[in-house]
Amino acid sequence: MPTGWRRSCRREADPVSGRQSPDSLGVALIGTGFMGKCHAMAWRNVATVFGGAQPRLEVLCDTPEDRAQAMAGQFGFARASADWQAALADPAVDVVSITTPNGLHRPMAEAALRAGKHVWLEKPMALTLEDAQAMADLAAAHPGQVTVLGYNYLRNPAFQAARGLIAQGAIGRPLSFRGVYDEDYSADPDLPWSWRMTHAGGGLGALGDLGCHLVSQMVALMGPVAEVTAMTQIAVPTRPSPDGPCAVENEDSALALIRFASGAQGSFATSRVARGRKCRLQWEVQGSDGTLVFDQESMNELWVHRAGEAGFTRHLSGPDQPEFAAFCPAPGHNFGFNEQKVIECRDLMRAIAGGPAAEPGFAAGLRIERIIHAMAASNGRPVRIVEESHEDA
């Protein structure tokens, strides 16, 4: 049992059952879509994989209430509710998973922090940079609460291996980053209009949905960004709706040139209308003594070239990496998307228990938001990235 867990989570008795539960963490989950299910699986599996006390799945929130009731049974939650404010006020709840549409991220996360809850929030952090700044400020004012954003691709053992190789100097000094994140979920021009395509409901488009993931990895590998020069495109200007054609307000794609604080350079591209691409989160780091290459569609592989070698060597993720081994002891049995989410959940629980900070928290999330919003505003002009002080991850 990690030091500090009993102090941070102990309760005299469970307020619902009256049973003693000194080591458990009470969970509320808001949202039952794709990411809601990912969070539910992570909460149910984290103790199975990594040990420790099983979290108590206290309340599942969604609307309408009959959906919440049905999904609570499927996900394994004790209770269901259509009232997320009541869930945040519940004394049985210690941590809140927020997997709702983007426009609800700020009010729900801020209410959770004010209620004394830890927060696991899906990306993007907020609709606007001003919202993200306010959220980071509030998190800084509540240092007893842990915040973490849903950048689960950072937990891939192949990515962690790449990060370690760079830190060890295995490819020398990083000189250049080239990154792409393309999908085709909006490529069909007959796809109906939705809130995702508006500033008020979705915020940014491809940058907020996909590009922020690429930025999270880019910064983790290369360090802070000093300047971006970008342009965006709306490839399908209107979408069909029951009320007739509706305008698409946010970008379908974006391209950017990057200058890092280290002096290294980079290129960045993201698109939600790239025909044939399903999850092409692909990047390359070129260093003075070697190169690393990764593609999420082959997420168990990292390709490494070192100076003096004829080409690249394929490194396959396996049980020699502790977080892979926690799931499977056998090489060649691939690691997957949902396993990344379980590790993210473990990192959150460990931080709540007084261990290492879970990353990225709201302060680091704000840095990601500054970069993608600078890209959205650039319109071909260089935009400097101004960093401000927040101390958490």
> Would you find a donor on one side and an acceptor on the other, under 3.5 Å apart, between the side chain of Gln233 and the backbone of Glu251?
Replying inline: no
> Is it true that a side-chain atom of Gln145 and a backbone atom of Ala139 form a donor plus acceptor pair closer than 3.5 Å?
Replying inline: no
> Should the pair Asp184-Lys278 be classified as a salt bridge under the 4.0 Å nitrogen-to-oxygen rule?
Replying inline: yes
>> If you count heavy atoms of other groups shown closer than 6.0 angstrom to CE of Met41, is the number above 12?
In response: yes
> Where is the tightest heavy-atom contact between Glu122 and Thr99, given as atom of each residue plus distance?
Replying inline: CG-CG2, 4.1 Å
> Can you tell which of Arg178, Met375, Gln265 makes a side chain to side chain contact (heavy atoms under 4.5 Å, CB included) with Ile258?
Replying inline: Met375
> Do you see a donor-acceptor pair shorter than 3.5 Å between the side chains of Ser24 and Arg56?
Replying inline: yes
>> Could you walk me through whether Arg155 and Asp347 satisfy the salt bridge (charged side-chain N to carboxylate O under 4.0 Å, His left out) test, starting with their C-alpha distance in whole Å, then the side-chain angles of each, then the deciding distance to 0.1 Å, before giving a yes or no?
In response: CA-CA 10 Å; Arg155 273 76 186 179; Asp347 290 350; 3.1 Å; yes
> Are Phe34 and Phe337 near enough that their ring centres are under 6.0 Å apart?
Replying inline: yes
>> The test is side chain to side chain contact (heavy atoms under 4.5 Å, CB included); show your working for Asp295 and Trp303 and say whether it passes.
In response: CA-CA 9 Å; Asp295 189 336; Trp303 291 83; over 6 Å; no
> Run the salt bridge (charged side-chain N to carboxylate O under 4.0 Å, His left out) check on Arg163 and Glu359 step by step: do they pass?
Replying inline: CA-CA 14 Å; Arg163 197 174 182 182; Glu359 60 174 76; 2.9 Å; yes
> Between Met108 and Leu88, which heavy-atom pair has the shortest distance, and what is it?
Replying inline: O-CD1, 3.9 Å
> If you look at every heavy atom in Asp182 and Ser271, which pair is closest and at what distance?
Replying inline: OD1-N, 3.2 Å
> Is there a side chain to side chain contact (heavy atoms under 4.5 Å, CB included) between Val219 and Arg367 once you walk through the steps?
Replying inline: CA-CA 9 Å; Val219 171; Arg367 292 191 284 272; over 6 Å; no
>> Checking Asp83 against Cys61 for the side chain to side chain contact (heavy atoms under 4.5 Å, CB included) test, could you report, in this order, the C-alpha distance in whole Å, the side-chain angles of both residues, the deciding distance, and whether it holds?
In response: CA-CA 7 Å; Asp83 185 349; Cys61 295; over 6 Å; no
>> Are Val95 and Trp43 packed together at the side-chain level, in the sense that at least one heavy-atom pair is separated by less than 4.5 angstrom?
In response: yes
> Under the 3.5 angstrom rule, does the side chain of Thr270 hit a backbone N or O of Tyr181 as a donor-acceptor pair?
Replying inline: yes
> Does a sphere of radius 6.0 Å around CD in Glu301 hold more than 12 heavy atoms from other residues, nucleotides or ligands, not counting ones at 6.0 Å or beyond?
Replying inline: yes
> Between Gly26 and Glu58, what is the shortest heavy-atom contact and its length?
Replying inline: CA-CG, 4.0 Å
>> Minimum heavy-atom separation for Met197 and Ser186, please, with both atom names.
In response: CE-OG, 4.2 Å
>> Suppose we screen for ring pair (Phe, Tyr, Trp, His ring centres under 6.0 Å). Which residues come up paired with Phe335, at least two apart in sequence or across chains?
In response: Phe327
> What is the ring orientation for Trp283 with Phe177, classed by angle as parallel under 30°, tilted 30 to 60°, or perpendicular over 60°?
Replying inline: parallel
> Within the distance-only criterion (no hydrogens, no angle test), does the side chain of Gln321 pair as donor or acceptor with the backbone N or O of Pro157 below 3.5 angstrom?
Replying inline: yes
>> Would the distance check show the side chain of Asp289 and the main-chain N or O of Ala307 forming a donor-acceptor pair, the cut-off being under 3.5 Å?
In response: no
> Closest approach of Val148 and Leu348, non-hydrogen atoms and distance?
Replying inline: CG1-CD1, 3.9 Å
